[in-house]
Amino acid sequence: MSGHGANWLKGMVTVHIRGGQAEELVNRALAGGLQLSSIRWTSSGLLEFEISVSDFFGLRTYLKETGCRVHVTRRKGLPFLLVKAEKRKLFAAGIVLFFAIIFMLSSLVWSIEVQGNVKLSEDQIRLAAKQEGLYPMQWSFRLADADVLSKELVRKLPGSTWVGVEKKGTKVVIQVVESTIPDQASLQNPRHLVASADAVVTEIIAEAGRPVVRKNTKVKKDQTLISGTIGGEENSRTVVARGKVRGLVWYEFEVASPMIQHVKVYTGEKKVKWFAVIGSRALQVSGFGKNDYSASEAIRDEQKASWRDWSLPIGRMKETVMETRMEERNLTEEEAKSVGILQAKADVLIKAGSDAVIRDEIVLHEKADNGKVYMKVLFEVEQSIVKEMPLVQMQGE
């Protein structure tokens, strides 16, 4: 084999020598048995030569002795072709593996969404779907045709008239249409509408029946507001009284509000954890180790990957754990009073109903003692004051 062929098999590099004593480097390298070829000065004043890969590593000693630096400008020969081919092979294999993983992930059912159900529970529908092989983490190619799944789900779900099954990327949507059997109207006996509490009437509207009180009238609890008896004495008849009656009702509360408030604050110390998310599972990849926080709060930010119009069931999640501590805040008597009244208002509205409105508040008694503000508060609330009362045979009103 010729020298040129042997050098090609071993691999050759072309180098530039910078700084130091370049000519002395060449002399010492040649004297040391290294094979240098194509030695010349470049137009930029740098010494250039070719050297085999094995001899290239032997230059290190002479570089130190002469204070020179070496820069490789060209590589040729079999070893470099093999490295390039290996890199290309690994890259190609990585591309193939990437698309294979994407294909596999897109062939899985990652989530199931149920729509249109009212009487049928979602759990009932999901159970029927699972019995037909439709569930998260199932391969799409193992599912029966949509028409077959639809017919089987209709058969398994009593009260359904049609079930649509549609695959959207990695999600399957089950659309349910339930049979519309009208609810049979419940039989209602004649009744009065009476006052649910002592109140002053602010509004009365009778949709059916006869109003027996007027606006601004003071009524007692259980007093008839809209009567279910209508007509004269000889032609009277009974109906189901319906209507709207609102009135002013008074609530008295005893409030004890502490003058020391415990408040959660953030110290500024935090720890970040990263997770790889696959479907509904998360695998931690960084931020390991326990934190030394006695109290903390975690905030999660999940970022899903997407490809074209598909939302892929893979992504990452950032969890920020922030250290917290409880601090005591001393309230003034007026601040403690305000907090106590706000809490009492919330309790009033829970009792009075969602349509209630607080019209006025009066503090009847107030004192500060032993770190608390004690109050007796009267609230004037406008609310619905009707309740139903079955109508017994009336002798007259």
Side-chain angles (χ1 to χ4, degrees), residues 82-115 121-123 125-127 129-130 133-143 166-174 258 260-331 335 339 342-343 346:
L82 293 176
V83 169
K84 187 180 294 186
E86 183 68 20
K87 287 182 178 179
R88 288 178 178 175
K89 186 170 64 175
L90 291 174
F91 179 74
I95 291 294
V96 172
L97 181 61
F98 171 77
F99 282 102
I101 292 173
I102 292 296
F103 175 76
M104 290 175 60
L105 292 175
S106 63
S107 298
L108 281 171
V109 175
W110 287 92
S111 63
I112 296 175
E113 182 179 339
V114 178
Q115 300 176 353
S121 70
E122 185 170 327
D123 289 341
I125 296 169
R126 287 180 179 273
L127 178 60
K130 187 174 184 179
L134 177 54
Y135 51 85
M137 304 306 293
Q138 170 67 290
W139 295 106
S140 300
F141 56 79
R142 297 187 62 182
L143 297 176
E166 181 183 4
K167 188 173 186 295
K168 296 181 177 180
T170 58
K171 178 173 72 173
V172 173
V173 178
I174 301 176
I260 297 178
Q261 188 179 50
H262 293 88
V263 182
K264 180 176 70 175
V265 297
Y266 298 100
T267 65
E269 295 294 326
K270 63 182 180 181
K271 181 176 183 179
V272 177
K273 302 179 182 179
W274 284 99
F275 297 81
V277 178
I278 303 177
S280 59
R281 299 181 180 181
L283 175 67
Q284 187 173 353
V285 295
S286 70
F288 294 98
K290 294 183 179 180
N291 61 59
D292 298 326
Y293 308 149
S294 58
S296 62
E297 180 179 316
I299 297 178
R300 293 182 173 180
D301 177 28
E302 188 171 346
Q303 303 165 356
K304 285 291 183 69
S306 61
W307 185 59
R308 293 188 177 179
D309 295 332
W310 286 359
S311 177
L312 300 178
I314 57 175
R316 62 178 186 170
M317 180 178 70
K318 177 182 179 183
E319 182 180 85
T320 306
V321 181
M322 297 181 294
E323 184 183 26
T324 62
R325 68 168 182 265
M326 298 301 293
E327 290 187 351
E328 288 188 353
R329 180 187 169 209
N330 293 318
L331 304 180
E335 288 174 332
V339 171
L342 285 175
Q343 183 58 54

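It should be emphasised that the depicted structure is a prediction, and the values quoted were computed from it without experimental measurement.
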Could you work out, with side chain to side chain contact (heavy atoms under 4.5 Å, CB included) as the rule, every residue matching [X], not counting sequence neighbours?
| X | value |
| --- | --- |
| Gln138 | Tyr135, Arg142, Leu143 |
| Thr324 | Lys264, Tyr266, Ala295, Glu297 |
| Ser111 | Lys171 |

So which heavy atom on [X] is nearest to which on [Y], and how close?
| X | Y | answer |
| --- | --- | --- |
| Phe275 | Glu319 | CE1-CB, 3.8 Å |
| Glu269 | Tyr293 | C-OH, 3.7 Å |
| Trp110 | Pro136 | O-CB, 3.8 Å |

Can you check whether [X] reaches [Y] side chain to side chain, under 4.5 Å on heavy atoms?
| X | Y | value |
| --- | --- | --- |
| Gln115 | Ile174 | no |
| Thr170 | Val109 | no |
| Arg325 | Val265 | yes |

Review point. Can you list the steps and then say if Glu113 with Val172 is a side-chain contact (heavy atoms from CB on, under 4.5 Å)?
Key: CA-CA 6 Å; Glu113 182 179 339; Val172 173; over 6 Å; no
Exercise for review: Would you please name every residue forming a side chain to side chain donor-acceptor pair (under 3.5 Å) with Gln303, sequence neighbours left out?
Suggested key: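 Partners of Gln303 under the side chain to side chain donor-acceptor pair (under 3.5 Å) test: Asp301, Arg316.
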Review point. Looking at residues at least two apart in the chain, or sitting in another chain, which of them share a side chain to side chain donor-acceptor pair (under 3.5 Å) with Gln343?
Key: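 Counting only residues at least two positions away or on another chain, Gln343 forms a side chain to side chain donor-acceptor pair (under 3.5 Å) with Asp347.
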**Study point:** Stepwise salt bridge (charged side-chain N to carboxylate O under 4.0 Å, His left out) check, Glu302 with Arg300
**Key:** CA-CA 6 Å; Glu302 188 171 346; Arg300 293 182 173 180; over 6 Å; no
Exercise for review: Kindly check if the number of other-residue, nucleotide or ligand heavy atoms within 6.0 Å of NZ (Lys270) is above 12?
Suggested key: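 Atom NZ in Lys270 is not crowded, with 12 or fewer foreign heavy atoms closer than 6.0 Å.
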Quick one: [atom1] on [X] to [atom2] on [Y], what's the gap to the nearest 0.5 Å?
| X | Y | atom1 | atom2 | answer |
| --- | --- | --- | --- | --- |
| Leu331 | Ile260 | CG | CD1 | 8.5 Å |
| Gln261 | Met326 | CD | CE | 9.0 Å |
| Lys318 | Thr320 | NZ | OG1 | 4.5 Å |

Practice item. Not counting sequence neighbours, which residues clear ring pair (Phe, Tyr, Trp, His ring centres under 6.0 Å) with Phe288? List them please. Key: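 Phe288 satisfies ring pair (Phe, Tyr, Trp, His ring centres under 6.0 Å) with no other residue.
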Review point. Under 3.5 Å, side chain of Lys273 to main-chain N/O of Met317, donor-acceptor pair present?
Key: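 No.
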Check your understanding: Counting only N and O atoms by type, is there a donor-acceptor contact under 3.5 Å from the side chain of Glu122 to the main-chain atoms of Ile125?
Key ->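 Answer holds: no.
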Point to revise | Polar contact flag, side-chain donor to acceptor under 3.5 angstrom, Ser296-Glu323 | key: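 No - no donor-acceptor pair under 3.5 Å links their side chains.
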Point to revise | Note: Glu335-Arg329 ion pair, threshold 4.0 Å (strictly below) | key: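 Judged by the 4.0 Å cut-off on N to carboxylate O distance, Glu335 and Arg329 do form a salt bridge.
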